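Values in this document were obtained by computation on a predicted structure and should not be read as measured data.
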Amino acid sequence: MVLIVEDNANARELFARIVSGLGHEVLESEDGADALRLLDIHEVDLVITDLRMPKMDGFSLISHVRLKWPRLPIVLVSGYVSPDEVTKNRDEFLEIIPKPVDRGHLIATVNRFVPAS
């Protein structure tokens with residue numbers, strides 16, 4: 001199952017269509033606080049999150065996720081990430097994709113973290 005966390009409804013719907021088209025079940029959330037609630041009640045294989053969102057931004061969400069699920073893969077999509085932020089937050093379970101998101105890059109990244117069964 002893939003959790004998509006994106007405050008922009010159009011982007012969230014697009015990501016959900018792409019990911020479900022790969023054969024994955026999708027959960028959707030519009031902010032980081034709600035995403036943490038969903039993570040507590042669902043077994044999720046991958047999180048795709050925006051950086052700038054209300055209530056809790058993507059880096060705060062990643063920090064919370066790393067405390068409880070340190071090996072849960074996360075894809076951060078944003079047009080606002082600086083090279084310093086990328087370096088500081090990079091780990092083997094985090095991929096950062098710039099916006100506008102290249103569909104092929106997103107598909108390859110999802111397939112790398114959670115291959116379709």
Side-chain angles (χ1 to χ4, degrees):
M1 183 176 304
V2 176
L3 173 59
I4 298 171
V5 189
E6 168 65 69
D7 61 320
N8 179 298
N10 291 330
R12 190 172 60 244
E13 183 180 313
L14 174 63
F15 297 157
R17 273 192 310 222
I18 291 169
V19 172
S20 65
L22 297 173
H24 300 289
E25 194 174 338
V26 173
L27 282 174
E28 297 179 37
S29 176
E30 62 185 33
D31 65 70
D34 182 57
L36 289 175
R37 181 189 63 78
L38 290 172
L39 285 166
D40 277 333
I41 58 176
H42 296 280
E43 188 172 323
V44 172
D45 302 306
L46 174 67
V47 175
I48 298 172
T49 184
D50 189 17
L51 176 59
R52 295 211 174 155
M53 300 178 290
K55 299 182 186 176
M56 179 185 293
D57 71 13
F59 285 133
S60 295
L61 174 60
I62 291 167
S63 294
H64 282 84
V65 167
R66 285 293 173 256
L67 290 173
K68 199 162 185 181
W69 303 278
R71 297 175 60 89
L72 178 61
I74 300 171
V75 177
L76 176 67
V77 293
S78 179
Y80 303 103
V81 180
S82 73
D84 288 342
E85 289 173 314
V86 170
T87 302
K88 181 174 78 176
N89 290 286
R90 171 96 38 208
D91 66 38
E92 67 181 298
F93 302 105
L94 176 65
E95 176 80 21
I96 299 174
I97 298 177
K99 282 184 176 179
V101 173
D102 176 81
R103 180 185 180 94
H105 188 178
L106 180 61
I107 289 170
T109 301
V110 170
N111 285 336
R112 181 168 50 87
F113 283 130
V114 284
S117 49

Given 3.5 Å as the limit, does a donor-acceptor pair link the side chain of [X] with the main chain of [Y], or not?
| X | Y | answer |
| --- | --- | --- |
| His24 | Val114 | yes |
| His105 | Val101 | no |
| Arg66 | Leu72 | yes |

Other residues, nucleotides, ligands: >12 heavy atoms within 6.0 Å of Glu30 CD: no
Hey, could you give me the [atom1]/[atom2] distance between [X] and [Y], rounded to the nearest 0.5 Å?
| X | Y | atom1 | atom2 | answer |
| --- | --- | --- | --- | --- |
| Asn10 | Arg12 | CG | CZ | 9.0 Å |
| Glu13 | Ile18 | CD | CD1 | 11.0 Å |
| Leu94 | Ile74 | CG | CD1 | 6.5 Å |

Worked check of side-chain contact (heavy atoms from CB on, under 4.5 Å) between Leu3 and Val5: CA-CA 6 Å; Leu3 173 59; Val5 189; 3.8 Å; yes
For residues 39-55, dump all side-chain donor-acceptor pairs below 3.5 Å to protein atoms at least two apart in sequence or in another chain.
from, atom 1, to, atom 2, distance (Å)
Asp40, OD1, Lys68, NZ, 2.7
Asp45, OD2, Met1, N, 2.5
Asp50, OD1, Lys99, NZ, 3.1

Full working for side-chain contact (heavy atoms from CB on, under 4.5 Å) between Phe59 and Leu76: CA-CA 9 Å; Phe59 285 133; Leu76 176 67; 3.6 Å; yes
Intermediate values then yes/no, side-chain contact (heavy atoms from CB on, under 4.5 Å), Glu28 and Glu6: CA-CA 8 Å; Glu28 297 179 37; Glu6 168 65 69; over 6 Å; no
Minimum-distance pair of heavy atoms, taken over all atoms of Ser20 and Val26: N-CG2, 3.9 Å
Distance-minimising heavy-atom pair for Pro70 and Phe93: O-CD1, 3.9 Å
side-chain contact (heavy atoms from CB on, under 4.5 Å), paired with Ser29, selected from Ile4, Asp7, Leu38: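 It is Leu38, the one option of Ile4, Asp7, Leu38 that forms the side-chain contact (heavy atoms from CB on, under 4.5 Å) with Ser29.
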Pair listing, salt bridge (charged side-chain N to carboxylate O under 4.0 Å, His left out) test, anchored in residues 101-111, at least two apart: none
Counterpart residues, salt bridge (charged side-chain N to carboxylate O under 4.0 Å, His left out), relative to Arg71 (two or more places apart): none
